[in-house]
Every structure is written in C-alpha cells, then in structure tokens.
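Single-structure report; data block below.
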Amino acid sequence: MRKRGQVAYPTPHPNSTPSTPTSYSYLIVDIGGGTVDVSAHRVSTTPTLSVEELHHPDGNDWGGLQVNLKFSEFLQKLVGDRRFSRYLQVNDADAKILNRFDVDELMNVTFERVKKAYCRSPRDEREEVFVKLPDSFLQEYGEALVASLEAKTKELRMEGRENEIVTLRDSILRIPPSKMEQFLQPAVDGITECIDGLLATLSNTGVEINTIYLVGGFGGCHYIYELFTERYGEGRGIIVPPNPEFAIVEGAVLFRANPGIVRSRKADATYGKSVVRHFESFHDPRYRQGDHCHNLFQTIVGRGESIRPDCLYMAVSRPLSLDQKRMHFEVFSSVKKAEELWYTRDEGVVQIGELVLELPEVGRTTRDREVKVFFDFSHTEIQVRACEKSSKAEVKAVLDFLSAIPPGQRRKVKVQEERVEERDGDQKHEDEEENNEGERGVERGDGELCDLNA
C-alpha cells in the first residue's frame, strides 16, 4: 500500500506514445517555487534520435510560493495588521530580529512543509492541515486572532460553508482541505492560463501535443497531477517523472554530454546590437549626432526564430573614421518581436553585454578595417566573437540569456579578450578617456545566417 504523502508516478497514457513510429510532441511544464516555465518540443527517431524545440519557454510567476503568499494574506486579514507591521516593527532591536525570523520560519518552513505534504497526498487521503504559530506571534495577535476566527466561524455557518471553518487550538491553526485549496487555486489558475495559451498557439500551427511532463518541486506534486489529468488528460498522457525536482538539472547534464541531440531551439527573446548609421529623415532626432543616428537596434535573431546548432549569425561593421582606435559592440535583448524594435533605448530593451575591439592603425579606407561579429546561440550561453579584417585581431565574450532583467538592473558581463597582437601598455587609460559614442561602427545589413557546414 502506498504511504500517505507519497506520489504515485503514473504510467504513460496509451495516447502519450508516439502518434507515428518516428516522432511525437510534448510539453514540459516546470513549476518551481517562484516561476512557471512551459516549453514545447518534438522528438524524432529517424534518421537518428533528435529533439526540436517547437516553442521557446514561456511562463509567469505563479509558482508554489504564491500559495504561501495567499496564506500570509489570510493571516494578515485575520489579525487586522497589514504586512504584520506591528509585529515586525517593534522598538526593541533584538525582538525585531527574532520576530522577523519567526515570520520567515512560519511562512517558508512550517507552512511550506504542510503545503507539500497536502499536495503530495492523493485526493481521498487529504485531511486538514496543522500549522503551529510562533509563541511571540500569539502574544502579539492572540486576542485579535481568536475574535476574528469566532466571527468568521459564525459567518460561515450562517452561509452553510462549515467546511471552510479554520480553528485555533492552543497554538495550532487547523485548516480544512477546502480552505487549503482556496490558497492553491490562484496559482493553479495562473499555471493553467499559461498552458492553455501555449496549447492554443501550437494548435493554430497544426501541432498536437501527445504528452505533458510535470516537473519542478511544485509541478511534481499529486495535487497538480490530478487537476491537470482532469483538464488536459483526454487524448494525451500526463506524466510526473521520478525525482521531478531534479528533472531540469538532469536534462541539462544530458544535454551537455550530447549537445548534438538538439536539432533546433527557439529564441526566447530578440537579440541584437547597437549600431550607428547615416541619419535619415525617418530616424528619431533625439539620437542624431552630426550626420549619424546612434542607438539603433540591429536584430541578430528574433524572438521565436529557430536556431540551428550548426549555424552562426554574422553582422559586419566598419569604423566611422580612419583614425578610430577601437570599436564597441553592445549586445541587447528584449522580449518584444524584432519588428517592434527600433532603438536600443526603447522600453523593454536590456543591455546584456559589451565587447571592445582594439583596431590596428592599418588600412587606407574604412572598408579595409571591416569587422565581422559572429553570434552563436546554440549553447546554454550566447557566444560572441568580433574579428578585424586586416590584422585578424579578435575579441570574444560569453553572455547569459538575460532577457528578463529589468533595465534598472542591467549589468555588464565580464569579457574575456583574446588578441593576436600585443596591446600598448597605456591602452587601458586611453579606453577610459575615449568618448564611447565615437567608437561605434557604421553597420551594414542585418544579421546573416552562416552555415558552419557550408
């Protein structure tokens, strides 16, 4: 007999096996504590085993911690103190520290433990949960809590909702299943909204999903499995793999061991770089400097675009003048689509890195000093390389996929530079004194796709 709280991992639904002998499509629903991420893939078995990403990971912040937040809001309302401000803002410094510790332990340890136990139990075994309140919390709010619970009990009985009554005995708050599910419901709604949206998008493109895999700490619980089996299980399998908390990590390790198995991925954002071009009448006059327009967004790869592991994306730049000593390449990302982006200072555009390439004093024209910038999106990080035509001087960087970072939290990414020629000893001081706006290059063309096998 299965022990209470143990997840019974389901066997695949008959329709979750490949719809044809050669391929099938599936969703991965990764529900952790903070966020939900849903992505779609297709597995093909011919000519060799390979995985193709059908839709980049998309999601929201309706992870398991939202349940803890709802419980906290419930308690705040019961004691009549928003954010527990009286309890957390006491004058005694030691008491303030201890009270903060008690609240943190109550929400993130005590309630987290009972939440997991409840969610991991099958429906017919779920009972009321018991949450022990800290002694200091009861000293501050005990009377208000008892009075509020009594008033709420009378109200619920008059409305015939006795199954929602929460009681307090000694220091133990007893919460019935119906109330626990009220705490859980907003998170469930947020998760299903995300899945529904992706299933609709895929259906519009003719993709039918055979299987949904539930992973992550919250995604692997029995409560989520039962709800999603009822909602999505008709015609497809709902599967919780062993150790769902570690499924994504295990997948990353397997990918590292055999990256060639992934045939293509979808860009989760639009990636590009800042460019300078000759000012035209349709350009924004705010970015005009002389005859040039600065801060233009040059798209390298667009959100939702397929990325093949055997291809690089290339853009070509030239210095603005013959005496220019270095070129800056700023890399940006945005969750907007490529056609919506014009300038790197548009709302929602985030700088994720920068490369600086020293230019040799050779070349009779700016065309002789052409620089090619290569972008490789096929790995778990973005690899960028800039190479100067005449001297073969080169600089490289590895950037994170940081499309979700808000502009206020931009951070420069440390660049590891590799040069063919030696730098002058005083070059560092020149870097700091140069006007960066004068070190951009004039760009031509959008990002080109370079087939490495060509």
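Every heavy atom of this structure was used, including side-chain atoms; hydrogens, water molecules and symmetry mates were not. All figures in this text were calculated on a predicted structure; none of them were measured in a lab.
Ser85 and Asp81 share a donor-acceptor pair across their side chains, judged by distance under 3.5 Å alone. Residues Glu140 and Ser136 bring no donor and acceptor atom of their side chains to less than 3.5 Å of each other.
Partners of Arg161 by side chain to side chain donor-acceptor pair (under 3.5 Å), not counting sequence neighbours, listed by chain and number: Glu159, Glu164. Looking at residues two or more places apart in sequence or on another chain, you find a ring-ring contact (aromatic ring centres under 6.0 Å, His included) between His283 and Phe279. Take Glu162 and apply the side chain to side chain donor-acceptor pair (under 3.5 Å) test, not counting sequence neighbours, and it matches no residue. By the side-chain contact (heavy atoms from CB on, under 4.5 Å) test, Pro259 is found to be paired with Phe255, residues two or more places apart in sequence or in another chain being considered. Evaluation of the side chain to side chain donor-acceptor pair (under 3.5 Å) rule for Tyr343 yields no partner, not counting sequence neighbours. Residues that satisfy the side chain to side chain donor-acceptor pair (under 3.5 Å) test with Asp58, not counting sequence neighbours, are absent from this structure.
Between atom SG of residue Cys293 and atom CG of residue Asp284 there is a gap of 7.0 Å, rounded to the nearest 0.5 Å. For the atom pair Leu69 CG and Trp62 CH2, the distance stands at 8.0 Å (nearest 0.5 Å). Expressed to the nearest 0.5 Å, how far CD1 of Ile239 lies from CG of Leu27 amounts to 12.0 Å. Annotation: the span from Phe297 atom CZ to Leu341 atom CG amounts to 5.0 Å, rounded to 0.5 Å. We find the CZ-SG distance between Arg126 and Cys119 to be 7.0 Å, quoted to the nearest 0.5 Å. Within the model, atoms CG of Asn99 and CG of Leu88 stand 6.5 Å from one another, a figure rounded to the nearest 0.5 Å.
The closest donor-acceptor contact from the side chain of Asp376 to the backbone of Leu312 lies at 3.5 Å or more, if one exists at all. Panel note: side chain Ser333, backbone Ala269; no donor-acceptor pair is recorded below 3.5 Å. Glu354 contributes no side-chain N or O that, together with a main-chain N or O of Glu330, makes up a donor-acceptor pair within less than 3.5 Å. Using a distance-only test at 3.5 Å, with no hydrogens or angles considered, a donor-acceptor pair links the side chain of Lys115 to the main chain of Gly64.
The side-chain heavy atoms of Arg277 and Gln298, taken from C-beta on, include a pair separated by under 4.5 Å. Inter-residue side-chain proximity for Lys273 and Ser317 is flagged as met; some heavy-atom pair is nearer than 4.5 Å. With a 4.5 Å cut-off on side-chain heavy atoms, Val51 and Tyr26 count as touching. Side-chain atoms of Phe218 and Leu184, non-hydrogen and from C-beta on, do get closer than 4.5 Å to each other. Using a 4.5 Å cut-off on side-chain heavy atoms (C-beta onward), Ile209 and Leu202 make contact. Under the 4.5 Å side-chain criterion, counting only non-hydrogen atoms from C-beta, Val29 is not in contact with Ile224. Counting heavy atoms from C-beta on, the side chains of Glu226 and Pro122 come closer than 4.5 Å. In this structure the side chain of His55 never reaches within 4.5 angstrom of the side chain of Ser39, judged on heavy atoms.
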Under 3.5 Å donor-acceptor pairs involving side-chain atoms of residues 166-176, not counting sequence neighbours:
{"unit_1": "Arg174", "atom_1": "NE", "unit_2": "Glu128", "atom_2": "OE2", "d": "3.2"}
{"unit_1": "Arg174", "atom_1": "NH2", "unit_2": "Glu128", "atom_2": "OE2", "d": "2.5"}

Pairs of donor and acceptor atoms involving the side chains of residues 147-157, under 3.5 Å and at least two apart or interchain, shall be tabulated with distances.
{"unit_1": "Ser148", "atom_1": "OG", "unit_2": "Leu78", "atom_2": "O", "d": "3.1"}
{"unit_1": "Thr153", "atom_1": "OG1", "unit_2": "Leu149", "atom_2": "O", "d": "2.7"}

Throw together a table of side-chain donor-acceptor distances under 3.5 angstrom for residues 187-199, partners on residues two or more places apart or in other chains.
{"unit_1": "Asp189", "atom_1": "OD1", "unit_2": "Gln185", "atom_2": "NE2", "d": "2.8"}
{"unit_1": "Thr192", "atom_1": "OG1", "unit_2": "Val188", "atom_2": "O", "d": "3.0"}
{"unit_1": "Thr192", "atom_1": "OG1", "unit_2": "Asp189", "atom_2": "O", "d": "3.0"}
{"unit_1": "Asp196", "atom_1": "OD1", "unit_2": "Tyr232", "atom_2": "OH", "d": "2.7"}
{"unit_1": "Asp196", "atom_1": "OD2", "unit_2": "Arg231", "atom_2": "NH2", "d": "2.7"}

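The aromatic rings of Tyr225 and His222 lie perpendicular to each other, with more than 60° between the two planes, well past the 30° mark.
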| Check against side-chain contact (heavy atoms from CB on, under 4.5 Å), His41 and Tyr213 | CA-CA 11 Å; His41 302 79; Tyr213 291 95; over 6 Å; no
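Taking the charged nitrogens against the carboxylate oxygens, Glu230 and Arg123 do have a contact shorter than 4.0 Å, which makes a salt bridge.
Nearest heavy-atom pair across Phe375 and Val373 is CE1-CG1, 3.4 Å. Minimum interatomic distance between Val36 and Gly63 (heavy atoms only, all atoms of both residues): CG2-N, 4.0 Å.
Screening residues 209-224 for salt bridge (Lys or Arg N to Asp or Glu O under 4.0 Å), with sequence neighbours left out, gives no hits. The salt bridge (Lys or Arg N to Asp or Glu O under 4.0 Å) pairs that include a residue from residues 36-57 are Arg42-Glu52, Glu52-Arg263, where partners are two or more places apart or lie in different chains. Applying the ring pair (Phe, Tyr, Trp, His ring centres under 6.0 Å) test to every pair with at least one member in residues 88-140, sequence neighbours left out, gives these pairs: Phe71-Phe111, Phe84-Phe137, Tyr87-Phe137, Phe137-Tyr141.
With respect to Leu133, the side-chain contact (heavy atoms from CB on, under 4.5 Å) criterion is satisfied by exactly one of Leu138, Thr110, Asp102: Leu138.
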